[in-house]
Amino acid sequence: MTQTEERAELNESELVPIEKIVSLCKRRGFVYPNSEIYGGVAGIYDFGPLGVEMRNNIRRYWWWSMVQLHDNVVGIEGANITHPRVWEASGHVENFVDRLVECKKCKRRFRIDHLPPENLEKHVCPVCGGELTTEPRVFNLLMETYLGVIEDERMKTYLRGEACQNIYLDYDNVLKSSRMQVPFGICQIGKTYRNEVTPGNFLFRQREFEQWDLQFFVHPSEMQKWFDYWKSYRFDWCQSIITHKERLRFRAHGSDELAHYAKQAYDIEYRTILGWQEWEGIHWRQDWDLSRHSEYSGQDLSYTDPLTKERYIPWIVETSGGVDRTFLYLLLDAYEEQPDPMGKGNDRTVLHLHPWLAPVKVAVLPLQKNKEELVNVSKELYRKLQRLMVAQYDDIQNIGRRYRRQDEIGTPYCVTIDFQTLDDQTVTVRERDSMSQIRVHLNELPMYLFERVTWK
Ligand code: GAP
């Protein structure tokens, strides 16, 4: 399907308001506002019991496909704090800024790159029509922190403003310790901190969030080939875990919006109710990073080809995405409110999450909680499944309500143990999306489920 065709099929009325996801996340334990009992902190969130399971699944799927499946890619996990010179070399101290104007009437602040052009030109507030200040104020997004306790000796540094910097810092160590040769890549998943001036839209723009990065080091003559490879690999990856494929597209950055380190950039964008928004960036970083770190550290980070003996600074293809945005887009993609087709009030909210990423894989449900034989079989089965995958045991309320509860958190399979189980050792397996039910023998059940909830 071409991208034009995909966009033509997009149904805007199906786009889910973010508030519905915020409410579900709080109600069912996916995400909570950070420090809520103190009134919260804008742009900072905590993940609850289901959120942390789903987040771990997202991370693991990324790691599996990027590191485990690529012979020429390895992983690291760098620290959140680095030497302050790193951020001078990277260009962030100088260039990592937001430019804001303020409305003289309502006092709201706007990033000038987010203002509609006519408001920017005429200095008119898009909210109240008041006059905007003409000279933008410049704010650096790096979060400062201090190392050391003695006042005069304390060193000012920064929490990392993009996680990938550790990869350049460890590049030479990885080369020497893991016997990699160019072309090769280093992956990392880690926290990032930005003093966003306008945090908002739930997990979309936060001040503490998580990024995944691949930095892929190549000979300059092979840059285009690898840029194209990773661009399409990452698009396919995003596509593999969403239902609404038509909500995904590429967008090339215009020359006026390129980050200071990028010569070319494409965003993979997901369509939300707020418009098309960035999910992941594929950046042509060229030799910016290794050249700058060579210059600022005084260490030669050039590479000598073992065959040709050519010496050069490798160029870099970067694919950089947000774990939190992935989490948010997957929920927006999966959420559906389905009215009861029979009109009997059995409406359901269902998360059509990919079974690989769903926080709970299976729920074990004894038909009746006061029948000892049913309970014994159910508990034994639950203990067995729990060793293989995240499982829940639920015997509260009637079976219909239990199915609804599991649908709302995206559990792909519910297993019901009933009186027939006692006779023939089969259980009912109910699939979330189709609500179809089949009977599976207890001996075959673990493999039946495992095959369906594990990525391959
Ligand atoms: N190293 C390149 C880099 O940091 P970026 O486009 O600034 O590039 C990469 O960030 C990804 O991180 C974005 O595509 C987005 O998914 C995520 N991201 C960026 N800022 C974010 C924020 N304030 N809150 C949540 N996710 C964010």
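First listed ligand is number 1; within each ligand, the first listed atom is number 1.
- Taking a cut-off of under 4.0 Å to the non-hydrogen atoms of W279, the atoms of ligand 1 that pass are 14 (O), 15 (C), 16 (O).
- Close contacts of ligand 1 with E278, meaning ligand atoms under 4.0 Å from a residue heavy atom, involve 6 (O), 13 (C), 14 (O).
- Of the charged side-chain nitrogens involved, at least one lies within less than 4.0 Å of a carboxylate oxygen, so that R285 and E162 count as a salt-bridged pair.
- Contacts with ligand 1 closer than 4.0 Å are made by backbone heavy atoms (N, CA, C, O) of E280 only, the side chain lying farther away.
- Nearest approach of L15 to I273, heavy atoms of both residues: O-CD1, 3.7 Å.
- Looking at Q211 next to ligand 1, an N or O pair under 3.5 Å apart turns up.
- Within the structure, ligand 1 has L203 among the residues with a heavy atom less than 4.0 angstrom away.
- Side-chain rings of Y45 and F202 approach one another, their centers coming within less than 6.0 Å.
- With respect to D267, the salt bridge (charged side-chain N to carboxylate O under 4.0 Å, His left out) criterion is satisfied by exactly one of R251, R234, K231: R251.
- In terms of protein heavy-atom proximity, atom 27 (C) of ligand 1 is closest to F209 CE1, 3.3 Å.
- Near E318, the atoms of ligand 1 lying under 4.0 angstrom from a non-hydrogen atom of the residue are 1 (N), 2 (C).
- The protein non-hydrogen atom at the shortest distance from atom 7 (O) of ligand 1 is R194 NH1, 2.9 Å.
- Using a non-hydrogen distance threshold of 4.0 Å, R285 registers as a contact of ligand 1.
- Remark: ligand 1 atoms within the under-4.0 Å shell around heavy atoms of C164 are 1 (N).
- Summary of contacts: the protein heavy atom closest to atom 25 (C) of ligand 1 is F204 O, 3.1 Å.
- In terms of protein heavy-atom proximity, atom 15 (C) of ligand 1 is nearest to R325 NH1, 3.6 Å.
- Between W62 and L214 the shortest heavy-atom distance is CZ2-N, 4.4 Å.
- Of all atoms in ligand 1, listed by their number and element, those nearer than 4.0 Å to a heavy atom of R205 are 22 (C), 23 (N), 24 (N).
- For ligand 1, the atoms closer than 4.0 angstrom to any heavy atom of E162 are 1 (N), 2 (C), 3 (C), 4 (O).
- Against a heavy-atom cut-off of under 4.0 Å, Q206 is close to the following atoms of ligand 1: 22 (C), 23 (N), 24 (N), 25 (C).
- Relative orientation of the F216 and W226 rings is tilted, given thresholds of 30° and 60° on the angle between their planes.
- In this structure, R207 does not count as a contact residue of ligand 1, since none of its heavy atoms falls inside 4.0 Å of the ligand.
- Contact detail for L357 and K361: the closest heavy-atom pair is N-NZ, 3.8 Å.
- For atom 8 (O) of ligand 1, the nearest non-hydrogen atom of the protein is Y261 OH, 3.5 Å.
- The two atoms that bring V360 and P412 nearest to each other are O-CD, 3.2 Å, heavy atoms only.
- Between F217 and F184, the ring-plane angle classifies as parallel under the 30° and 60° cut-offs.
- The heavy-atom pair separating R99 from V97 by the smallest distance is NH1-CG2, 3.5 Å.
- A cation-pi arrangement is found for R154 relative to Y146, the charged atom lying closer than 6.0 Å to the ring centre and inside a 45° cone about the ring normal.
- Both the backbone and the side chain of S320 come within contact range of ligand 1, each with a heavy atom under 4.0 Å.
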